[in-house]
Every structure is written in C-alpha cells, then in structure tokens.
Protein chains: 2
Amino acid sequence: MPQKKIRNMEEFAAISGISRPTLSKYFNNPDSVRKSTRQRIEIALDQHDYRPNVYAINQNRQTTRNIGIIVPYLADPFFNEIGRAVEVACIEAGYSPILLSSHGKPDHEAENLESLRSLKPAGVLLAPLGRESNRKTIDKISRDVPLVLFDANIAEVGEAFIGTDNAQSVGLIVEYLCRSGEPPCFFEMKTPSNPNANKRRQAYLASMERHGFTPHIFQAEGHGWGFEEIGQSQGGEMLSRGVFPTNTVLCSNDRLAIGMLSAAYGLGIRVGHGSGCRLRIAGQDDHPFSRFTCPSLTTMAQDYAAIADRAASTLFRIIETNESPETRAETLFDGRLVMRDSA
Amino acid sequence: MPQKKIRNMEEFAAISGISRPTLSKYFNNPDSVRKSTRQRIEIALDQHDYRPNVYAINQNRQTTRNIGIIVPYLADPFFNEIGRAVEVACIEAGYSPILLSSHGKPDHEAENLESLRSLKPAGVLLAPLGRESNRKTIDKISRDVPLVLFDANIAEVGEAFIGTDNAQSVGLIVEYLCRSGEPPCFFEMKTPSNPNANKRRQAYLASMERHGFTPHIFQAEGHGWGFEEIGQSQGGEMLSRGVFPTNTVLCSNDRLAIGMLSAAYGLGIRVGHGSGCRLRIAGQDDHPFSRFTCPSLTTMAQDYAAIADRAASTLFRIIETNESPETRAETLFDGRLVMRDSA
DNA sequence: GGATAATATTTACGCGCGTAAAAAATGAAA
DNA sequence: TTTCATTTTTTACGCGCGTAAATATTATCC
C-alpha cells in the first residue's frame, strides 16, 4: 500500500533508487531497459502506484501516441461495433485511441476534427459522413497528420481507404434473391448522405441488368439518421399502396429494412421466404438487431473486423515508417451472405 | 488565410500585439479581459488560427475542465443515449466531456477509471456496472475527484446518485397490466449484474402483493450483455414449454423483451393486447428499438434527459463550490408508461 | 582477469504555458 | 486637468517530463 503520495518522476526516482532518465526510458518503452532494471521498477511501481503525468509527457513529444477515431453515428450499433473494433486494434498496437461520434452532423464532424488537432494525434481514422462532410476541415487535419478513411470513401482524401465492396455485396444478394424467387425491387433514401448508398444503387442496377431483369427503385423522402422511422412510415405506405411490382424488396441498409419489417407486421403482411408469405425483405450490413427482427433479416454481413484491422494497420505503417504510400490504396472486402428468415 | 504557422503563445503575442499573460487570461476566460482587447484578440485569432497547446495548459493547472463519463455498455442504445445526453450537458456548461464505455466488463471499468485519473478530470460521472464493479478502484478515484453516480446505485459510493424510481416505474406498469388483463409474470436474468434488476424484482413482488395477486418469477440462466439472445433462447423455451401461468409477461428490461418477442414470432404466438392474441409482453426502459419490434413494445420510459441533466448539474455544483453535500443525496425520477401494441 | 559493448547515472536544458508581482498604461469620474 | 481604479505589460519563475552529452557502472566474452 502506498505510504505517501508521489508527485512526480523525480520523487519516484528517489524512492525507487532508479535514475529519472532511466525511468523515462522505461515508461516510453519497458523493453528499452535491462530486465533486472525493469523488474526493480515494476516492484517499486506497484508499491507506490505512481503514474507519469500525461500532459507533461505529451508536451515535449512532437508526436503523441494518440489515435483519433471518428465515426458518423455512434448510436448506430453498426458504427459502434466497427468503432470498437478499431479501438481495440489501436490498444493492441500500443496506441491510445480516442473514439468520437459525429452524431450525424457535419458540424460535429468538423468540431471533432478540430479538437483532435489540438490533441496532436499520431494519426486519424475517419469514417466520414460523406457528401456533407466538410472537405476543408478534413484537408486541414490531413496536412498535419496521417489520415486513413474507412467505411465511406471520399475521392482523393486521406492516404488510404478501407471498406466493403458494394458491387460484390449487392451483386451477391441480388443473385441470391433472383435465384430463390422473384427479382428484388430496391428501397433506399432519396437523398442519402452516405456515399455507400449511391454505390449500392449502382450495384443493384448493374446486377439486375446482368441477370436480364428490369430494375425498380423506390426512394423515401426524409433526411437524418432515423432510418427505422423512415423505413416504417414510408416503406409502410408503399406496401399498403402496393407499389412494388415484385414480392421482393432489397433495402439499401438493414435499418431501413427493420423499419419496413415493422410496417409489414402492422399491415398484417406475412414476410418470409416460405410458402404462405407474400413478401420478402432483405437488407445490407448485418446490423446487430437483424437477428431479432420478426422474421429475422436476410442480409449481407460486412467484414468489419477485417476493415477495422486493415484500416488500423495501414495507419500504423504510415506512422511508423513515416512515409505515405506513393499511391492512395483503396482496399475493399467482400460481404458475406447471411440467409435468415425474411428472404 | 494563415501566412505562417504559429508555434506558441509567445509568437501569437508578437503577431497580435497583445502580451502573453493577457492572452493567457483570455483563453482561460474571454470575459476576463476588456472588450476592446477581446476584439483585437479575436480578430488576430481568425487571421492566424492559433490554438493553445492543451498539454501545456493542463500541466500547470492542478484541475482541468475535463469531465469523465463512464457508462457500462455504449453499444446498448439506451446507454448511448443517456451518455450522449450527459456529454451535451457538460459541453453546455463549458466542460470537456470524455465518454468511455466499460464494454460490460469490470476490468474495463477499472481501466477506464485509471486512465481517467491520469487525465486529472475536474469530476467523474459514473454509471457503474453494479455488483461486479471494482469498489477499490472506484473509491480510489473518489478520493481524488468529485464522483456522481447515475443509472445504477452503489451504497455510499460517490457524492450523489441520480436514477429512475424502480418502485414507481414497475409499480405503474404492473398496475396497468393488472387492470387491462391478466396479472403479469416476471421474466429476468437469474444473476443480473445491474442492481436495478434486483430493485425491479422487489418492486414487482411488492406491487403484486398490493393488488392481491400471486407473483410468478421466471429466471434465465446466462450472463453478459447479450440480453436479446438470452430472451430469445430461454424466453422462447419457456414459451414453448408453456410455463407461464398467465398470458402476460413483464420483462425486467426491454432487451429481454425484444428477444422474447422474436421467439414468440418464431413460435407463431400472436402477441398483443387485442383479441386473438394469446400473449402480452411488456418491458422496461423504452429502448430506442422498442418502437420497431413486432408488435411494438409496451414499456416504461425512463426520463433520461432529466437524469442526465441532474447528474451533470449536481457534479458541476460540487466542482464549482468545491464542497461536497453533507448528506449523499439520492434523486429518483419517475418512469412514464408507454402504451404500444404488445401489451 | 581484462577488454569491450551495453546499460545506467549525472548534469543540464528546453518545451508551452500558468501565474505572481511590480510597473506602466488606459479609462472614467470628479 | 487631476485622480483613482481598472486593465495591460514587463519580468521572472516553475510545472513534470523528454532528451542530449559525458561519465560511470555493469554484463559478456574470450
């Protein structure tokens, strides 16, 4: 148990009998001191529970070991999971992640980037809001520190991009839906802020053409991040008006699908791939709640573990070699078909 | 546009023609300098976009303006919302919130508290994991800085507690269920980590006794934070075995209810309060997804805006007056009945 | 045991800013 | 204009640690 409060490294040096510069080396990298010294330090350490002052440490270092992570909307379980995965990757590599949410608003994204700048991070991992992102602010931080984008791409911004191959992902589920029943209609937001939405629409069109079917796109009004609400109200209205020419609807993302499933239930429309079902609904992303919808949702799972790991390791390489790749690499991972009950 | 990079306050003083101590005062509190000076500074400020070095600032201040916020599980939309509300309250009061998640693990909670300690926060707002929380670590930070608990109470820990009145909340929904149909059974985890769960069970028992009904408690095995999964598997098994003596089940929280609704759907059991429905299911917390379950979930809404505001303002008062209240106050807000389709 | 390499200690400076004290400048009121 | 209070400037020190250079101490190997 601690006898008395240790105020700084000087005092800890006196008590432990190790010189301050050696202690400083140890705290920077425990392996940089001899094993016997390390053990002496660690014994003293858990006798007196001293911790170096973070602020004093970072004041002198030109570059900290902080990594800024920004996701568009942390309340969305999908971004929560991917943000968390990135966080873990940073910790495992010995960095200090700082996970921030833009709460769906460009202003917040800009604010987050600004406050990150003053924390002098070694690098930033950004899942941008997309279309509405403030390019200037992003460029500004990009000049200061290495920046890697994930989830949503913005042309020529940052040193690299890591995400899901929307063409493959949408292509695969369209193929599955066509083979297992009627070809799908496509349900999406009219003005999506996320650039993935546009890629998905294009992938749907291309895929339907490839299979020789006529595409049908239906767009919901509204903006913001209340996708379930929008899927429920507008998707429900479309269902009750009977606008879909086939019995299958592919939603641009799971949250829209969750809303539409809820609406279908309310209308007494039986959803599923079995006989006696009038409607099939599928999604994209494998949202954590898609397992528990009624019926459970057939969807494409993003490999967010791979995305998170690759994004983090790409950033670490840039930081540690201190050189950006000559060409901006765009890495796309395949989605995986998750067949559940809804389609 | 910035002509040249300003490295420190000294250089900014030279360029702006204001002395460094005056600038220092300004950055601490813009109102502490004369209006004309303030304007001169602000003009220079947006010409040169200089920002003081956070690390150098906090090194000298004995107490920062950081507020640590720790919630048990940020991926749970309920905690995400309440955490966010607390965050906003801090920003509005001029503090810098740092929102951390314990990811459901006591180790993480302890780690978060430790790393907060080294950030020398002005105060900490903690929604503890509960039973499994590491008392020692919590006590340790409590000696350093003011600590206010919210959501889940731990006896005699921290300067105050703010949460929901489980007795009122459960009492009200039990009364509603009794008046509108058969009296409810109670479905919960066998070994809940959250102390609210115990309060809710007791409230259920007391309430059933008050109405002269026999209570029936059913407990699910399992631990961790996968409540939907547990509700689906074990709740589903109970449904198929027909163990519930009445047609109404009150779940200890919405996430269990969401799982059970999913199981009921799978079993072809029609849930709802209307005729033709064999089962009623109700929850607690008004989880953001409860609006979109099939059928939508009848539940008790916590007033998390009030909880967040009160928790934050309580902490601010302690920080600003620099004195803890003589008695540890426990503030409980009422829950609100949300009647939807499931019960 | 001696030579050599690896590691630790001593000494000293600087980072960017908070802050105190004394002197100077400014503003408002008489 | 004088007077006095308020604000700003000047000067100077210290915070806790990174880090460099010179020196002293170890460990390793023949």
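Lettering of chains follows the sequences in order, A, B, ..., and the numbering in each one begins at 1.
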Checklist entry - Is any side-chain nitrogen or oxygen of A:N8 closer than 4.0 Å to OP1 or OP2 of D:dG16? => result yes
Checklist entry - Between A:R20 and B:N28, which is nearer to the 5' end of DNA chain C once each is assigned its nearest nucleotide? => result A:R20
Checklist entry - Just how far, in rounded Å, is C1' of C:dT11 from CD of A:E10? => result 11 Å
Next on the checklist: Can you measure A:D31 atom CG to C:dT7 atom P for me and round it to whole angstrom units?
Outcome noted: 12 Å
Checklist entry - If you look at every strand shown and take non-hydrogen atoms under 4.0 Å, does A:Y50 touch a base, only sugar-phosphate, or nothing? => result sugar-phosphate
Checklist entry - Roughly how many Å is it from OH in B:Y26 to P in C:dT19, rounded to a whole number? => result 17 Å
Item to check | Rounded distance in Å - CD (B:Q59) to C1' (D:dC17) | outcome: 7 Å
Next on the checklist: Going by side chain to side chain contact (heavy atoms under 4.5 Å, CB included), A:V86 matches just one of A:L125, A:V71, A:D309. Which one?
Outcome noted: A:L125
Next on the checklist: Below the 4.0 Å mark, does D:dT8 have OP1 or OP2 next to a side-chain nitrogen or oxygen of B:T22?
Outcome noted: no
Checklist entry - Above 12 or not: heavy atoms from other molecules or residues under 6.0 Å from CZ of B:R51? => result yes
Item to check | B:K25 NZ - C:dT19 C1' separation (whole Å) | outcome: 11 Å
Item to check | D:dT10 OP1/OP2 closer than 4.0 Å to side-chain N/O of B:S19 | outcome: no
Checklist entry - Under 4.0 Å between a side-chain N or O of A:T37 and OP1 or OP2 of C:dA8? => result yes
Checklist entry - Where does the angle between the aromatic ring planes of A:H103 and A:Y73 fall among parallel (under 30°), tilted (30 to 60°) and perpendicular (over 60°)? => result perpendicular
Item to check | Touch class at under 4.0 angstrom, heavy-atom based, for B:P52 against every strand present | outcome: sugar-phosphate
Checklist entry - So what does A:F12 touch, heavy atoms closer than 4.0 Å: a base, only the sugar-phosphate, or nothing? => result nothing
Checklist entry - The side chain of A:V33 lies closest to which of these nucleotides: D:dT9, C:dA8, C:dG18? => result C:dA8
Next on the checklist: Could you tell me how far apart A:F27 (CZ) and D:dT19 (P) are, to the nearest whole angstrom?
Outcome noted: 15 Å
Checklist entry - Do the ring centers of B:Y50 and B:F12 come within less than 6.0 Å of each other? => result yes
Next on the checklist: Using whole Å, what does the distance between atom P of nucleotide C:dC17 and atom CE of B:M9 come to?
Outcome noted: 5 Å
Checklist outcome for this item: Taking for B:R38 and for A:R34 the nucleotide of DNA chain D with the nearest heavy atom, the one nearer the 5' end belongs to B:R38
Item to check | Pair A:F333 and A:Y304, ring centroids less than 6.0 Å apart | outcome: no
Checklist entry - In whole angstroms, how far is the C1' atom of D:dT9 from the CD1 atom of B:I41? => result 13 Å
